[in-house]
Amino acid sequence: MKRYVYILLLIWCIPTQAQLLYEISGNSAKGKSYLFATNRLCDITLLDSVTNLFKVFGQCNKVITEMAMQDYEAIAALRQAALLPDSVQLRNYYSAEEYKTIDEALSISIGMGLEQLGRMQPAYLTELYRNELIQKWIEKDESRSIDVFFQAIAEERGMPVYALDEIGETLYMLFEREPFHWQCKELLNIVNYPEREIRLEKEILQNYRNGHLNQIAYLISMPDNLSTHSYSDYQVYAQRNQVWAKRLAQYLTEGSAFICLDAVYLGGDKGLIAKLKEEGYRVRAVNRR
């Protein structure tokens, strides 16, 4: 009996493999393709702990992602879309005190206030401020981020990189899916309550490192989540996952696709993994125990 208990305790203490890498097969898929969950805050050193990751990447001949970082036309369109029309003035959407609060927060965090940035969309300013918060409190290093790693390797090897979103869809997600007045409110909220962002991002990052994709979906979808990754965002992700599952069909039919997408889109009953299964694909964790 003591020996049996000892064995159980020994098994319980063995570190489990984070479930971040998935094999996709079945339905119309030709051969195998792979889906890897990424996180833009996680350092690339985590990649070495994902068994078989580089092996399966070497078997693939294309990379599929949300947006191709080398699509310079799309990047130029994003920069243009980030600008407000001349007829719109941010100060008209805030009280004098609120406008001053945002201006001071941006100046302290970014080194530029609304005098320099006041022509930018509030959603853009929110993301800019949010990135600065994360770099300060989570020590984010853009050059060592997992989410762009495989795109960079594909570029070096001459592998094609395909985006799941068209540029118009990306612009909609960034600047149009929420009403302008709500974007203004989010900017003020993140300046007033930065701790909400930090708390959620730390929880997401911890669950990502542990491979708990369903828990990440739960954290975002909770109605009491008041961060910029809100319950309404989760509903948008769910709708987009349905589109992505169908859009992936052409790449899965060809086979040998390496799909790398942010973990926030993958878990839960409305995540991309669930939607791919609904489409008839077999999706299984590569490193199961």
Side-chain angles (χ1 to χ4, degrees), residues 38-45 66-149 151-152 167 170-171 173-205 208 225-230 233 262 264:
T38 66
N39 181 288
R40 66 194 182 104
L41 305 184
C42 195
D43 190 275
I44 57 176
T45 53
E66 180 178 356
M67 177 183 171
M69 67 178 186
Q70 298 297 336
D71 188 341
Y72 299 112
E73 184 178 334
I75 293 171
L78 285 172
R79 288 174 177 168
Q80 183 61 36
L83 293 172
L84 285 172
D86 291 338
S87 59
V88 178
Q89 300 291 325
L90 267 185
R91 65 173 62 252
N92 294 334
Y93 291 83
Y94 299 105
S95 68
E97 185 62 32
E98 290 171 341
Y99 192 83
K100 180 182 178 182
T101 298
I102 295 171
D103 178 60
E104 291 178 348
L106 292 174
S107 297
I108 293 171
S109 179
I110 301 171
M112 293 184 289
L114 289 175
E115 182 177 348
Q116 296 86 7
L117 298 172
R119 299 303 306 147
M120 311 305 293
Q121 296 272 6
Y124 175 85
L125 295 179
T126 296
E127 191 62 21
L128 197 63
Y129 184 73
R130 186 169 174 271
N131 282 337
E132 289 299 318
L133 283 177
I134 290 168
Q135 284 184 335
K136 179 179 179 180
W137 296 105
I138 306 182
E139 299 181 354
K140 172 189 172 186
D141 184 348
E142 292 280 2
S143 66
R144 295 177 58 81
S145 178
I146 282 178
D147 70 332
V148 298
F149 177 82
Q151 287 196 59
I167 183 58
T170 300
L171 295 180
M173 286 293 295
L174 291 173
F175 304 121
E176 299 176 21
R177 65 187 172 88
E178 292 180 336
F180 188 81
H181 73 276
W182 182 255
Q183 293 180 37
C184 292
K185 183 178 179 181
E186 276 204 332
L187 174 57
L188 183 62
N189 282 341
I190 195 174
V191 165
N192 284 331
Y193 308 104
E195 68 282 356
R196 294 174 179 171
E197 298 297 318
I198 300 305
R199 181 169 58 250
L200 179 68
E201 289 300 334
K202 284 185 175 180
E203 290 178 346
I204 289 176
L205 183 57
Y208 173 77
N225 169 23
L226 299 177
S227 75
T228 58
H229 264 148
S230 63
D233 291 321
D262 196 299
V264 300

Enquirer: What pair of heavy atoms forms the shortest contact from Tyr129 to Ala105, and how long is it?
Expert: CE1-O, 3.7 Å
Enquirer: Between Gln116 and Gly113 (side chain of the first, backbone of the second, donor and acceptor by atom type, cut-off under 3.5 Å), is there such a pair?
Expert: yes
Enquirer: Looking at every heavy atom in both Gly118 and Leu84, which two are closest together, and how far apart are they?
Expert: O-CD1, 3.7 Å
Enquirer: Step by step, work out the side-chain hydrogen bond (donor to acceptor under 3.5 Å, both in side chains) result for Glu197 and Thr228.
Expert: CA-CA 7 Å; Glu197 298 297 318; Thr228 58; 2.9 Å; yes
Enquirer: List the residues meeting side chain to side chain contact (heavy atoms under 4.5 Å, CB included) with Leu114, not counting sequence neighbours, and say none if there are none.
Expert: Leu90, Tyr99, Ile102, Asp103, Leu106, Leu125
Enquirer: For Tyr124, does the OH atom sit with more than 12 other heavy atoms under 6.0 Å from it, leaving out its own atoms?
Expert: no
Enquirer: Rounded to the nearest 0.5 Å, how far does CG of Leu187 lie from OG1 of Thr101?
Expert: 11.0 Å
Enquirer: Kindly compute the distance separating CD (Glu195) from CD1 (Ile190), expressed to the nearest 0.5 Å.
Expert: 10.5 Å
Enquirer: Kindly say whether Val148 contributes a backbone atom to a donor-acceptor pair with the side chain of Gln151 at under 3.5 angstrom?
Expert: no
Enquirer: Taking only residues two or more places apart in sequence, or in another chain, which ones meet Thr45 in a side-chain hydrogen bond (donor to acceptor under 3.5 Å, both in side chains)?
Expert: Asp43
Enquirer: Once salt bridge (Lys or Arg N to Asp or Glu O under 4.0 Å) is applied, do any residues pair with Arg119, and if so which ones, sequence neighbours excluded?
Expert: Asp86
Enquirer: In chain order, what residues pass the ring pair (Phe, Tyr, Trp, His ring centres under 6.0 Å) check against Tyr93, with sequence neighbours excluded?
Expert: Phe180
Enquirer: Can you list everything that forms a ring pair (Phe, Tyr, Trp, His ring centres under 6.0 Å) with Tyr193? Sequence neighbours excluded, please.
Expert: none
Enquirer: If we only count heavy atoms from C-beta on, is the Ser109 to Leu128 side-chain gap below 4.5 Å?
Expert: no
Enquirer: Quick one: salt bridge (Lys or Arg N to Asp or Glu O under 4.0 Å) partners of Asp233, sequence neighbours excluded?
Expert: Arg177
Enquirer: Return the OG1 to CG distance between Thr38 and Asp262, rounded to the nearest 0.5 Å.
Expert: 5.0 Å
Enquirer: Quick one: list whatever passes side chain to side chain contact (heavy atoms under 4.5 Å, CB included) with Gln80, sequence neighbours left out.
Expert: Leu83
Enquirer: Under the side chain to side chain contact (heavy atoms under 4.5 Å, CB included) rule, collect the residues that match up with Lys100, sequence neighbours excluded.
Expert: Glu104
Enquirer: Find the distance between CZ (Arg199) and OG (Ser227) and round it off to the nearest 0.5 Å.
Expert: 9.0 Å
Enquirer: How many angstroms lie between NE2 in His229 and CD1 in Ile204, if you round to the nearest 0.5 Å?
Expert: 6.0 Å
Enquirer: Quick test of your reading: applying salt bridge (charged side-chain N to carboxylate O under 4.0 Å, His left out), list the pairs with at least one residue in residues 182-191, sequence neighbours left out, ordered by first then second residue.
Expert: none
Enquirer: Please list, chain by chain and in numerical order, all residues satisfying salt bridge (Lys or Arg N to Asp or Glu O under 4.0 Å) with Glu66, sequence neighbours excluded.
Expert: Arg240
Enquirer: Rounded to the nearest 0.5 Å, what separation is found between the CD1 atom of Ile134 and the CD1 atom of Ile198?
Expert: 6.0 Å
Enquirer: What residues form a side chain to side chain contact (heavy atoms under 4.5 Å, CB included) with Glu127, not counting sequence neighbours?
Expert: Arg40, Arg130, Asn131
